[in-house]
Amino acid sequence: AQKITQTQPGMFVQEKEAVTLDCTYDTSDPSYGLFWYKQPSSGEMIFLIYQGSYDQQNATEGRYSLNFQKARKSANLVISASQLGDSAMYFCAMRVFADNYGQNFVFGPGTRLSVLP
Amino acid sequence: DGGITQSPKYLFRKEGQNVTLSCEQNLNHDAMYWYRQDPGQGLRLIYYSQIVNDFQKGDIAEGYSVSREKKESFPLTVTSAQKNPTAFYLCASSIPGVGTEAFFGQGTRLTVV
């Protein structure tokens with residue numbers, strides 16, 4: 001069964017420092033996509049970054065980078081130079097084929113990040 | 001602007017009533033999804049649809065129903081059979097392919113009074 005694990009319920013980081021949010025995944029499908037979303041207190045889901053299972057290089061988007069270790073089935077999100085506006089819930093998600101009916105998204109439980117001034 | 005619109009933003013329901021949450025997208029996406037989020041928790045899949053007039057149950061479909069009569073619309077009905085419906089509901093859409101992200105609406109917060 002496909003599953004996403006995020007073992008850090010909450011994290012604190014000092015403003016301007018870097019922080020790593022952990023994500024491990026489980027799937028037997030060789031083709032999958034890994035995503036990170038940010039959810040501020042308003043509730044909207046903001047897409048941050050994507051990594052494909054066949055991608056050789058780690059994905060980067062501005063201050064966000066994804067540390068992809070395929071053998072360990074981990075896809076950690078690294079946020080560099082944290083800002084106060086980064087305080088939010090962060091969800092790791094995986095997209096895989098779902099029982100011959102298209103593709104589905106599986107989400108982890110999330111990590112609440114608090115950036116301290 | 002293209003996007004997903006959920007309405008209403010806040011919804012109050014009396015026990016025993018059915019309510020319908022609206023989700024409309026103008027992104028021309030084939031796939032649409034409904035998720036439930038409880039406080040401090042992740043997203044759990046209720047129903048999803050890959051094409052018009054077809055949909056599949058997700059992990060927590062009991063007490064919910066959906067329809068997909070138009071590509072743009074995927075309404076969710078929370079029936080009186082749903083034991084604990086108070087939650088935040090998110091609708092999403094996407095195009096096919098494991099490499100494409102889901103686009104989300106702003107969510108509907110349902111409270112049973």
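Chain letters run A, B, ... following the sequence lines, proteins first and then strands; every chain starts at 1.
The part of A/F91 that comes within reach of chain B is its side chain, from C-beta onward, which places non-hydrogen atoms under 4.5 angstrom from that chain. If you measure heavy-atom distances from B/I95 to chain A, the contacts under 4.5 Å come from the backbone alone. With a 4.5 angstrom heavy-atom cutoff, B/Q41 touches chain A only via backbone atoms. When heavy atoms are compared at a cutoff of 4.5 Å, B/L43 approaches chain A by way of both its backbone and its side chain.
Taking 4.0 Å as the cut-off between side-chain N and carboxylate O, B/D54 and B/R68 do not count as a salt-bridged pair.
Between chain A and the options B/G105, B/A92, B/G97, B/G58, heavy-atom pairs under 4.5 Å are most frequent for B/G97. For the set B/A31, B/S94, B/G107, the count of heavy-atom pairs under 4.5 angstrom toward chain A peaks at B/S94. Of the residues considered (A/M94, A/Q51, A/Q39), A/Q39 shows the highest number of contacts with chain B, using heavy-atom pairs under 4.5 Å.
Annotation: cation-pi pair B/R109/B/F88 present, NZ/CZ under 6.0 Å from the ring centroid and within 45° of its normal.
Taking the six-membered ring where tryptophan is involved, the planes of B/W34 and B/Y89 are perpendicular, since the angle between them exceeds 60° and thus also 30°. Between B/Y35 and B/F104, the ring-plane angle classifies as tilted under the 30° and 60° cut-offs.
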message: Run the side chain to side chain donor-acceptor pair (under 3.5 Å) test on A/R112 and A/S87 for me, step by step, so that the C-alpha distance in whole Å, both residues' side-chain angles and the decisive distance to 0.1 Å come before the verdict.
response: CA-CA 8 Å; A/R112 181 171 298 281; A/S87 294; over 6 Å; no
query: Can you check side chain to side chain donor-acceptor pair (under 3.5 Å) on B/T5 and B/E24, steps first, answer last?
result: CA-CA 5 Å; B/T5 302; B/E24 303 278 333; over 6 Å; no
